[in-house]
Visitor: 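Have a look at this one.
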Amino acid sequence: MREMSTTYNPKQFEDRIYAEWMKEGCFRAEIDEQKIPFAMMMPPPNITGQLHMGHAMDETMQDTVARFKRMQGYSVLWLPGTDHASIATEVKIVDKMRQEGLSKEEVGREGFLKRAWEWKNNYGGRIVEQLKKLGSSCDWSRLAFTMDERCSAAVREAFFRLYKKGLVYRGSRMINWCPGCKTALSDAEVEYSEDAGSFWYFRYPVENSEEFITVATTRPETMLGDTAVAVHPEDKRFSALVGKTLRLPLTDRSIPVVADEYVDPEFGTGAVKITPAHDPNDYEVGKRHSLPMICVMNADGTMNERAGKFAGLDRYEARKRVVEEMKALGLLEKTEAHTHNVGHCYRCHAAVEPTVSEQWFVKMAPLAKPAIDAVVKNKTKFIPDRFAKIYFNWLENIRDWCISRQLWWGHRIPVWYCGGCGATICARETPAVCPECGSADLKQDEDVLDTWFSSALWPFSTLGWPEETKDFKYFYPTDVLVTGYDIIPFWVMRMMFSGIEHTGKVPFRDVLIHGLVRDEQGRKMSKSLGNGIDPLDVIDRYGADSLRLSLLTGVAPGNDTRYSDVKVEAARNFLNKVWNASRFVLMNLGDRKVPALFEIRLQPADRWIISRLMATIREVTLAMQKYELGIAADKVTDFVWNDFCDWYIELTKPALYGTDEERKDGALATLLYVLDNILRLLHPFAPFVTEEIYGCLPNSTGKIIRAEFPRYNSKLAYRKEAKAFEDIIELIKAVRAVKVSVGCPPARKVRLFLVTESKRLVNLNKGSVLRLAGASEIDYVENGAAIGEKTVSRVCDLGQMFIPLGELVDLEAERSRLSKELDRISAEISRAGGKLANNNFVSKAPARLVEEERAKLNKFLDMKKKVEQQLRELEET
RNA sequence: GGGGGCGUAGCUCAGUUGGUUAGAGCGCUUGCUUGACAUGCAAGAGGUCGCAGAUUCGAGUUCUGCCGUUCCCACCA
């Protein structure tokens with residue numbers, strides 16, 4: 001037996017234990033036809049990422065589920081991996097090169113990719129190492145990367161299939177352009193925020209007239225690309241002007257006035273400048289009226305040559321200059337403050353510029369439909385199910401997905417253009433010559449795919465799809481996906497339609513959604529606020545188990561939670577408790593060989609704690625099966641601390657320190673049995689400390705990670721006996737309370753007199769009652785009068801308890817307590833009485849409840865009599 | 001504009017399908033170095049479950065409206 005220190009010190013064993021698990025291959029998933037598979041894909045963290053609290057929570061939940069299922073006998077695959085994070089990584093590499101005075105263009109595509117891979121090889125594994133600190137029991141032998149050979153082949157295959165089906169196409173459309181990252185973005189990658197801006201009212205003169213139309217705009221620089229002004233068809237104010245031509249100031253162009261339903265006559269001036277190349281709505285108007293599209297900006301957000309003298313200026317500088325010039329021309333009518341929603345890049349936060357550009361798209365309508373149906377038909381379930389609404393909301397309103405990115409780090413689009421015949425060729429592997437004309441003059445598309453295109457395939461690309469691998473056949477579809485609600489549109493939804501499209505099956509049966517980990521004040525943790533808390537630092541201070549437990553307890557599925565050191569401390573204190581309780585058991589056990597639990601005559605207290613254990617096992621198992629991890633953790637904690645430590649351990653002390661060897665054996669066997677079960681119940685939540693203690697148990701074989709999760713055994717439920725024993729606990733509590741109430745020093749032993757019909761039960765537990773209640777002896781009497789001394793008394797389920805207290809005591813306190821008690825009892829009597837007087841209740845409520853209510857009423861009536869009697873006796877003294 | 005979440009003890013939050021006297025942790029009060037643990041033990045105080053209705057024998061829990069707060073989506077240029 002290993003020596004245990006007096007306090008729980010996780011640093012002494014966490015790293016060692018993780019190494020042992022790894023060495024023994026405890027996390028490896030085996031294809032075992034005798035077992036039921038349970039598969040879970042880790043949401044791959046970005047290779048640029050550092051472990052943050054969000055990861056910690058996500059990983060903890062997954063690991064808890066994985067360990068639980070593994071202990072239940074499933075063949076568990078928890079597959080880890082990382083994401084190449086196209087934009088994020090590229091930005092990082094570009095920044096690094098800038099520090100060296102280099103640019104992408106200078107090093108070229110090849111040189112850039114070489115640097116990126118180097119960076120990935122050096123730093124991409126950092127987060128993986130950090131995950132290990134948390135105790136993650138994922139199968140590292142299957143570690144995947146979205147750009148490894150397997151996943152890349154899957155990406156090409158998926159693209160190829162979609163292309164052949166016409167579900168991926170190339171076209172010129174309005175997309176979100178990030179001038180910071182210089183690439184197109186998907187709709188999901190745009191974040192909107194309320195920005196303070198202005199509303200400028202510009203006058204556009206009507207040609208050959210003194211008249212003008214006033215339009216209002218928040219983006220003056222786009223006027224250089226205006227190709228019309230639109231008014232509502234029924235707006236009388238402008239009906240005479242429809243069809244006329246306006247002179248577009250600051251340019252040499254003329255633009256028409258068109259009528260379109262899109263315009264809201266109530267808003268602004270009722271006339272809208274139309275810039276089809278730089279606004280999604282204007283784009284639609286432009287299409288309806290066959291207006292030309294004039295793009296006035298470059299990729300980096302500066303104005304291009306179409307902007308005339310503003311060419312070369314940054315868009316915001318151009319905005320200022322346009323306003324100034326309009327003002328100088330007397331065409332600025334007024335300026336108003338105006339806040340409006342502006343889209344920003346989710347990576348670099350630059351304001352997104354809606355632009356028309358040629359990109360690759362995935363046709364969404366045919367893919368969205370089956371993905372919606374799958375959730376409607378419950379083939380995949382969201383937990384909690386309200387998140388299905390977010391999912392539906394996205395899929396029902398989805399536009400085609402822009403998947404091409406003007407970046408270099410990522411999966412290059414598997415499309416080639418023939419210089420000979422102009423054919424477009426999509427192929428899984430690089431073609432040598434053009435299949436149409438035989439020309440070798442082929443050029444691959446320059447763009448890469450959206451990072452999420454490869455993530456969308458994650459549940460099956462990692463298993464070797466499109467190959468029918470053993471892993472794929474055994475583990476797919478996966479069982480559960482654990483992730484935060486913030487990436488439902490980015491990822492969950494896309495895995496769903498991709499899985500259904502490519503494999504014919506939903507990629508997972510359950511989606512367990514969790515919330516965000518916020519800071520102590522409820523703010524989002526973020527780099528810019530500097531309020532992020534490093535999980536590794538917390539692990540260093542408190543241990544991984546404490547962090548894990550603190551992230552799971554008191555959290556409802558899907559709800560945000562706040563991180564605080566205080567919570568981690570509470571978890572640490574609990575684990576210290578577990579540690580010391582274990583130490584207590586093992587110290588008292590020493591080298592003694594105790595018989596098995598079933599060979600011993602158990603005492604009421606033993607049966608009580610075993611009964612409580614069984615109830616706990618059942619509740620915890622049920623909660624875990626429903627993914628209610630917080631409830632499960634609460635139930636275990638409650639049982640361990642309150643039932644096992646505060647009661648049972650104390651109850652065993654008379655036996656342990658006594659001379660009755662049989663009772664000692666019984667207590668030790670029970671302590672050991674319950675402790676063993678506690679460790680296994682707790683292992684999914686606190687894997688390290690339970691493994692460490694388990695290794696110290698005399699009867700343990702092998703690692704707890706491979707042990708079986710406790711099973712409910714109805715033979716050990718001892719319902720009635722446990723219920724009876726609760727009366728002993730109540731008695732002890734009553735004595736303690738009386739002593740405190742009357743100011744009796746705790747060390748002073750009191751004599752107990754009992755009026756009870758359960759003498760046998762009390763006698764069986766006499767040692768415990770005396771010790772825990774702080775009493776010297778117990779006498780049985782027929783009634784209070786037979787004692788012949790002044791007493792203070794309590795009514796309890798066992799009967800009535802009397803304590804003679806002599807002159808030392810504060811009887812006034814007891815008197816006031818009793819009258820308060822009387823008030824409470826009276827309130828209960830009128831409540832229960834009222835209920836029972838209600839005919840509707842008696843006739844409609846379940847008989848069981850009516851019976852219970854009746855029993856309660858009788859009990860309180862009896863109590864009332866006794867308490868009144870006590871009160872009278874006290875008045876007399 | 002549409003859709004969620006949250007509102008329960010001083011604070012942070014649980015509360016599974018409606019059914020004992022609404023819970024936990026922290027904090028607070030009082031007392032305790034009781035041979036595992038002061039990272040502890042015991043006994044307490046503290047709540048008209050946001051407001052108003054409705055359904056029901058019975059509502060923290062279901063429905064409607066409102067107030068506060070927060071998030072997501074859409075968006076009027």
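Numbered from 1 within each chain, the chains take letters A, B, ... in sequence-line order. Source: prediction; values computed, not measured.
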Visitor: Is there a Watson-Crick or G-U wobble partner for G44(B) with both distances under 3.5 Å, and if so, which one is it?
Guide: C28(B)
Visitor: U33(B) and C37(B): how far apart are their P atoms, nearest whole angstrom?
Guide: 15 Å
Visitor: Determine whether a donor-acceptor pair (one donor, one acceptor, N or O, separation below 3.5 Å) exists between the side chain of Arg562(A) and the base of U12(B).
Guide: no
Visitor: Sticking with atom P, work out how far C49(B) lies from G7(B), rounded to a whole angstrom.
Guide: 14 Å
Visitor: Within the 4.0 Å heavy-atom criterion, would you say Ile649(A) contacts the bases, only the backbone, or no part of the nucleic acid?
Guide: base
Visitor: I would like to know whether Lys273(A) and Thr275(A) meet side-chain hydrogen bond (donor to acceptor under 3.5 Å, both in side chains); could you show each step before the answer?
Guide: CA-CA 7 Å; Lys273(A) 63 189 267 313; Thr275(A) 323; 3.1 Å; yes
Visitor: Could you tell me whether Glu520(A) and Arg562(A) have a side-chain N and a carboxylate O separated by less than 4.0 Å?
Guide: no
Visitor: Would you call the rings of Trp579(A) and Tyr8(A) parallel, tilted or perpendicular, where under 30° means parallel and over 60° means perpendicular?
Guide: tilted
Visitor: Over all strands shown, is Ala570(A) touching base, sugar-phosphate only, or nothing at heavy-atom distances under 4.0 angstrom?
Guide: sugar-phosphate
Visitor: Would you check if Glu221(A) and Val296(A) make a side-chain contact, meaning some heavy-atom pair closer than 4.5 Å?
Guide: no
Visitor: Just N and O in the side chain of Trp647(A): are any of them under 4.0 Å from OP1 or OP2 of A42(B)?
Guide: no
Visitor: Taking Ser776(A) for the side chain and Val750(A) for the main chain, is one N or O donor matched with an acceptor at less than 3.5 Å?
Guide: yes
Visitor: Of the nucleotides C41(B), C37(B), A74(B), which one has an atom closest to the side chain of Arg583(A)?
Guide: C37(B)
Visitor: Have a look at Lys635(A) and say if it touches a base, only the backbone sugar-phosphate, or nothing, with a 4.0 Å heavy-atom cut-off.
Guide: nothing
Visitor: Would you mind telling me which of A36(B), G15(B), U39(B) lies closest to the side-chain atoms of Ala581(A)?
Guide: A36(B)
Visitor: Side chain of Trp394(A), heavy atoms from C-beta onward: which of C37(B), U39(B), C73(B) has the nearest atom to it?
Guide: C73(B)
Visitor: Using a heavy-atom cut-off of under 4.0 Å over every strand shown, decide if Pro846(A) touches base, sugar-phosphate, or nothing.
Guide: base
Visitor: Answer with base, sugar-phosphate or nothing: what part of the nucleic acid does Lys653(A) contact at a heavy-atom distance below 4.0 Å?
Guide: base
Visitor: Expressed in angstrom and rounded to an integer, what is the separation of Asn576(A) atom CG from C41(B) atom P?
Guide: 10 Å
Visitor: If you measure from the P atom in U8(B) to the same atom in C72(B), how many Å do you get, rounded?
Guide: 23 Å
Visitor: Does U20(B) have OP1 or OP2 under 4.0 Å away from a side-chain N or O of Lys835(A)?
Guide: no
Visitor: If the threshold is 4.0 Å, N to carboxylate O, is there a salt bridge linking Lys856(A) and Glu853(A)?
Guide: yes
Visitor: With no angle test and no hydrogens, is the base of A36(B) tied to the side chain of Glu650(A) by a donor-acceptor pair under 3.5 Å?
Guide: yes
Visitor: With sugar-phosphate meaning primed atoms plus P, OP1 and OP2, does Glu628(A) contact a base, only sugar-phosphate, or nothing at under 4.0 Å between heavy atoms?
Guide: base
Visitor: Checking contacts here: which listed nucleotide (A36(B), C72(B), U16(B)) is nearest the side-chain heavy atoms of Cys645(A)?
Guide: A36(B)
Visitor: Answer with base, sugar-phosphate or nothing: what part of the nucleic acid does Asp264(A) contact at a heavy-atom distance below 4.0 Å?
Guide: base
Visitor: The side chain of Phe584(A) is closest to which nucleotide in this list: C73(B), C41(B), A36(B)?
Guide: A36(B)
Visitor: Write down the partner of U33(B) under the Watson-Crick or G-U wobble criteria, each distance required to be under 3.5 Å.
Guide: none
Visitor: I'd like the C1' distance from G60(B) over to U20(B), given in whole Å.
Guide: 16 Å
Visitor: Does a side-chain N or O from Asn573(A) land closer than 4.0 Å to OP1 or OP2 of G40(B), or not?
Guide: yes
Visitor: Applying a 4.0 Å non-hydrogen cut-off, can you work out what Lys626(A) is touching in the nucleic acid: base, sugar-phosphate, or nothing?
Guide: base
Visitor: Say we look at C6(B) and G15(B): how far apart would their P atoms be, to the nearest angstrom?
Guide: 9 Å
Visitor: Sticking with atom P, work out how far C13(B) lies from U70(B), rounded to a whole angstrom.
Guide: 14 Å
Visitor: For Asp565(A) and Arg541(A): C-alpha separation, side-chain torsions, deciding distance, then whether salt bridge (Lys or Arg N to Asp or Glu O under 4.0 Å) applies.
Guide: CA-CA 10 Å; Asp565(A) 273 358; Arg541(A) 285 185 292 139; 3.0 Å; yes
Visitor: When all nucleic acid strands are considered with a 4.0 Å heavy-atom cut-off, which category describes Val740(A): base, sugar-phosphate, or nothing?
Guide: sugar-phosphate
Visitor: What's the CG-P distance between Asp634(A) and A24(B), to the nearest Å?
Guide: 11 Å
Visitor: Under 4.0 angstrom, heavy atoms only, what part of the nucleic acid is Asp646(A) near: base, sugar-phosphate, or nothing?
Guide: sugar-phosphate
Visitor: Applying a 4.0 Å non-hydrogen cut-off, can you work out what Ala216(A) is touching in the nucleic acid: base, sugar-phosphate, or nothing?
Guide: base
Visitor: Counting the atoms with a prime plus P, OP1 and OP2 as sugar-phosphate, which does Phe860(A) contact under 4.0 Å by heavy atoms, base, sugar-phosphate, or nothing?
Guide: base
Visitor: Side-chain N or O of Asn559(A) versus OP1/OP2 of A14(B): is the shortest distance under 4.0 Å?
Guide: yes
Visitor: Using the C1' atoms only, state how far C26(B) lies from G40(B), rounded to an integer number of Å.
Guide: 16 Å
Visitor: Would you confirm whether the ring centroid of Phe267(A) sits within less than 6.0 angstrom of the ring centroid of Phe199(A)?
Guide: yes
Visitor: Which one is paired to A74(B), where only Watson-Crick or G-U wobble pairs with both distances under 3.5 angstrom count?
Guide: none
Visitor: Under 4.0 Å between any heavy atoms, over every strand shown, what does Arg824(A) touch: base, sugar-phosphate, or nothing? Just pick one.
Guide: base
Visitor: Please tell me if Lys389(A) has a side-chain N or O lying less than 4.0 Å from either OP1 or OP2 of G4(B).
Guide: yes
Visitor: With the six-membered base ring of G35(B) as reference, does the ring of Tyr657(A) sit under 5.5 Å away with planes under 30° apart?
Guide: yes
Visitor: Does any nucleotide pair with U69(B) by Watson-Crick or G-U wobble geometry, both distances under 3.5 Å, and what is it?
Guide: G5(B)
Visitor: Looking at Leu772(A), is its backbone amide N or carbonyl O close enough to the side chain of Arg736(A) to form a donor-acceptor pair, meaning the two atoms are under 3.5 Å apart?
Guide: yes
Visitor: Pick the nucleotide of RNA chain B nearest each of Pro557(A) and Phe644(A); which residue has the one closer to the 5' end?
Guide: Pro557(A)
Visitor: Checking all strands, does Trp200(A) fall into the base, sugar-phosphate, or nothing category for heavy-atom contacts under 4.0 angstrom?
Guide: nothing
Visitor: Between Arg771(A) and Tyr8(A), just flag the one whose closest nucleotide in RNA chain B comes earlier from the 5' side.
Guide: Arg771(A)
Visitor: Would you say A77(B) has OP1 or OP2 under 4.0 Å from some side-chain N or O of His278(A)?
Guide: no
Visitor: Using Watson-Crick or G-U wobble geometry with both distances under 3.5 Å, which nucleotide pairs with C57(B)?
Guide: G19(B)
Visitor: Atom CG of Asp486(A) and atom P of G5(B): how far apart are they, to the nearest Å?
Guide: 18 Å
